[in-house]
Amino acid sequence: MSEKIPLHDVRNIGIIAHIDAGKTTTTERILFYTGVIHKMGDVDDGNTTMDWMEQEQERGITITAASTTTFWKGKRINIIDTPGHVDFTIEVERSLKVLDGAIIVLCSTSSVQPQTETVWRQAERYGVPRIAFANKIDRLGSNFDKVLVDIHDRLGANAAAIEFPDGNENDFKGIVDVVSEKYITYKDEQGLQMVIEDIPERLKEKAKEYRHTLLERLSDADDLIMERFLDEKDVTVPELKAAIRRAVIKCKFLPVLVGTSLRNRGVQPLLDAVVDFLPSPLDVPPVVGKDPNTDEKLERKPDPKEPLSGLVFKLASDPYVGKLYYTRLYSGKLNSGDTIYNSTRAGTRERVSKIVLMHANKQEILQSVEAGEIVALGGLKDTKSGDTICFEENPIILENMRIPEPVVSMAIEPKTKADQDKMGFTLKKFLDEDPSLRVKYDHETGQTIISGMGELHLEIIIDRMKREHGLETNIGRPQVAYKETITRKVSGIVGKFISQSGGRGQYGHVVIDLEPAEEKGKGIIFVNKIKGGSVPREYFTPIEKGIRDQAQTGVLAGYPVSDFTVTLIDGSYHEVDSSEMAFQLAAKAALREGLAKAKSVFIEPIMDLECIVPEEHMGKVIGDLNIRRAKIMSQGNMGKLKTTRCEVPLAEMFNYANALRSLTQGRASFSMEPAFYAEVPHHIAEKIIGARAEASNKKG
């Protein structure tokens, strides 16, 4: 086992960024300089430690979050390298949920990109302290000061450089450390021999300006620095480092470092910053949960003596040992062989047969694990991603992660009827692993529909079915995950279910109001305003279930209905004939009638698209985007390239990569992520209804 390290010397960190900013290369260099590996791999060659899946090596992108452990200056660093592609955003979401700190990697040429903003918002949501690394400073068009401006303008962060580059592009010579006021250069290609000396005279004035900005920004987040800054007193290096650490842990300051991972420059100072500025498990607030029996709020401190609490944040299948359950232990101690209690699924007890520390896809077996650690557990059977584990005598349920809604669907069927059961089993396995994947059976068309975060997401699922399970499939063209919503309020809608067919009857009666939700993206909001016992309490849950079940089938073309508030205002019951099923059916009838009266409309996913295009091709790209119903939001310059940012319906963007390639001779790039849902234009809505009806008739 790895030597026992005190909890204050542990760092649980993630590496997050837009696709192709250099996360995996940075992680590879970290593992090299900390002695975990002895030869650096390359993403382009498909031989990096963290991108171990065949699909990752072939495509040169990270698909699944991989974890590893290393040591630097007496500190143990548990690292999770996350994907940058928006289709795999669930991997970032669940990683940030369990991490104490993060490195956000930015490309010094492209600066803050759309997916950078997404991962930044995810980190904000979970209150994860961050440091930033401006990578690729040696690339054509790199501009460190622009990165700093964009961090302020587009991320809204209180950021300042704690390093700045001496030159950029091909003229990049070294790094100036603003905190210790030193100049860093390297003697060798591999970046192993650092030379640290005083700042050259030619850079002293510039270093003074950066230090002034650093103290000014930091004074907004730290009282000691504010006092020294206002009194124009000197700040010592230890005082400055301590202040940066305090401000970072409070998420009030973002220190920005610089380098080029591919050229092996600036990674050791980044490791120093992880150790110096990012929190240990002891520095973050205790995890908060609730007692499953009383709903009382509970806290668990990161202490082995506290009752056990942990969150299973990821499932992965290992071909040799079966399923592995990646778990963050927040409190207590767990031994191999212990029986744990899954409080999320009441009554579920599991035996932990194995505890392993993961190094990408390699394992180190442990006998026990304590608070603050991230490990993988073996032997569990009924636990799912997002579940809480504890001991039965001290139950707690921790807050689950946020699961994004899928935006793309496609029909799937096995090539042979004999494989039907095998496909069902395989899809269930993927559903256990990936909460952002959805599977449903469409009774109208008789098809199995899989839904995910994008074309690439579903493509990888299909590819894994074939490689890992030998399952050949036929797939339909990707379809947009349309929804329906209502546009006006209707009141006093009555739903009744009365049946008298011999024997005991059935009686359910509800009255509801229906109105569009004030805030989009909230789904279905159920409000109960029953007073005086006109409907007994035991029927409230079946009524809500009936509403939610009926909302899966809209009145326009059978798409799910979202973003509305339903208020239960009245009803009646029969002492003998009323039942849960009767009220569930009455609620369904009420919602059906309400949707018909509330003027339903189609809504479609709108994507946030950013294109980076050579100037001579910009006109053609804009013309093509206009045909695709895009709304141009902003345009700008990035060196000799032009950028355009727009909002465009997902329905118009299938196979856009090939279209953009042919328009620009392969010289443009783009990134795209889900933004919001918006109403579909009337003429397109009619086509959707027609296509849906045609598919239904063919089936009939």
Side-chain angles (χ1 to χ4, degrees), residues 405-407 409 438 440-445 449 451 479-498 508-530 535 539-572 580-605 651 676-697:
E405 284 292 315
V407 295
S409 303
R438 306 277 198 281
K440 72 172 184 178
Y441 183 74
D442 190 325
H443 290 279
E444 283 190 13
T445 62
I449 308 294
S451 305
Q479 301 290 321
V480 175
Y482 291 109
K483 293 182 183 178
E484 298 178 22
T485 193
I486 59 174
T487 56
R488 66 183 179 201
K489 180 176 179 177
V490 286
S491 302
I493 307 150
V494 177
K496 280 188 178 180
F497 181 77
I498 302 171
H509 169 220
V510 299
V511 184
I512 61 171
D513 289 347
L514 208 57
E515 60 185 315
E518 288 181 16
E519 192 177 339
K520 298 301 177 191
K522 290 293 183 184
I524 302 163
I525 300 164
F526 180 77
V527 180
N528 179 9
K529 287 193 175 175
I530 290 278
V535 176
Y539 298 130
F540 294 163
T541 300
I543 290 169
E544 182 176 354
K545 185 176 188 308
I547 295 287
R548 293 188 182 278
D549 286 352
Q550 185 60 44
Q552 293 304 305
T553 310
V555 293
L556 294 177
Y559 287 104
V561 191
S562 188
D563 291 343
F564 67 92
T565 300
V566 60
T567 307
L568 179 63
I569 57 170
D570 202 1
S572 63
E580 290 190 359
M581 181 56 70
F583 271 99
Q584 197 170 317
L585 292 169
K588 285 186 173 185
L591 185 61
R592 267 197 308 272
E593 186 177 336
L595 292 174
K597 291 178 178 177
K599 202 177 177 187
S600 288
V601 294
F602 276 127
I603 51 176
E604 63 181 341
F676 55 88
Y677 269 78
E679 186 176 341
V680 178
H682 182 66
H683 68 283
I684 294 172
E686 286 181 340
K687 285 182 189 173
I688 297 167
I689 294 170
R692 189 83 162 176
E694 189 181 332
S696 184
N697 291 336

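The structure presented is a predicted model; accordingly, all values stated were derived computationally and were not measured.
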Nearest-0.5 Å distance, CD1 of residue Ile547 to CD1 of residue Ile524: 8.5 Å
Contacts of type side-chain hydrogen bond (donor to acceptor under 3.5 Å, both in side chains), residue Gln552, not counting sequence neighbours: none
Of all pairs that satisfy salt bridge (charged side-chain N to carboxylate O under 4.0 Å, His left out), the ones with a partner from residues 486-496, not counting sequence neighbours: none
Verdict with reasoning, Asp513 to Val566, per side-chain contact (heavy atoms from CB on, under 4.5 Å): CA-CA 6 Å; Asp513 289 347; Val566 60; over 6 Å; no
Within-4.5 Å side-chain heavy-atom neighbours: Val555 and Ser600: yes
Over all atoms of both residues, closest heavy-atom pair of Ser562 and Gly523: OG-CA, 3.5 Å
Geometric cation-pi criterion, Lys483 with Phe602: 6.0 Å, 45°: no
Student check: side-chain heavy atoms of Val561 and Phe564 closer than 4.5 Å: yes
Atom pair CG (Leu556) and NZ (Lys599), whose distance is rounded to the nearest 0.5 Å: 11.5 Å
Non-neighbouring partners of Thr487 that pass side-chain hydrogen bond (donor to acceptor under 3.5 Å, both in side chains), sequence neighbours left out: none
Heavy-atom donor-acceptor pair, Glu544 side chain to Asn528 backbone, under 3.5 Å: no
Approximate separation, where rounding is to 0.5 Å, of Glu679 CD and Ile684 CD1: 11.5 Å
Pairwise side-chain contact, Ile486 with Leu595, heavy-atom cut-off 4.5 Å (strictly under): yes
Aromatic ring pairing Tyr539/Phe583, orientation class (parallel under 30°, perpendicular over 60°, tilted between): parallel
Straight-line distance of Ile449 CD1 to Lys440 NZ, nearest 0.5 Å: 7.0 Å
Full working for side-chain contact (heavy atoms from CB on, under 4.5 Å) between Val601 and Val680: CA-CA 8 Å; Val601 294; Val680 178; over 6 Å; no
Full working for side-chain contact (heavy atoms from CB on, under 4.5 Å) between Ile603 and Tyr482: CA-CA 6 Å; Ile603 51 176; Tyr482 291 109; over 6 Å; no
Point-to-point distance, once rounded to the nearest 0.5 Å, from CD1 of Ile512 to CD1 of Ile543: 10.0 Å
Whether Asp570 side chain and Val511 backbone form a donor-acceptor pair below 3.5 Å: no
With sequence neighbours excluded, residues passing side-chain hydrogen bond (donor to acceptor under 3.5 Å, both in side chains) with Lys545: Asp549
Heavy-atom check, side chain of His509 versus side chain of Val494, under 4.5 Å: yes
Residue list, side-chain hydrogen bond (donor to acceptor under 3.5 Å, both in side chains) with Glu604, at least two apart or on another chain: Arg629
Interatomic distance, Glu484 atom CD to Asp563 atom CG [nearest 0.5 angstrom]: 12.5 Å
Working for side-chain contact (heavy atoms from CB on, under 4.5 Å), residues Leu568 and Val527: CA-CA 6 Å; Leu568 179 63; Val527 180; over 6 Å; no
Listed partners of Val490 passing side chain to side chain contact (heavy atoms under 4.5 Å, CB included), at least two apart: Ile493, Leu514, Lys597, Ala598
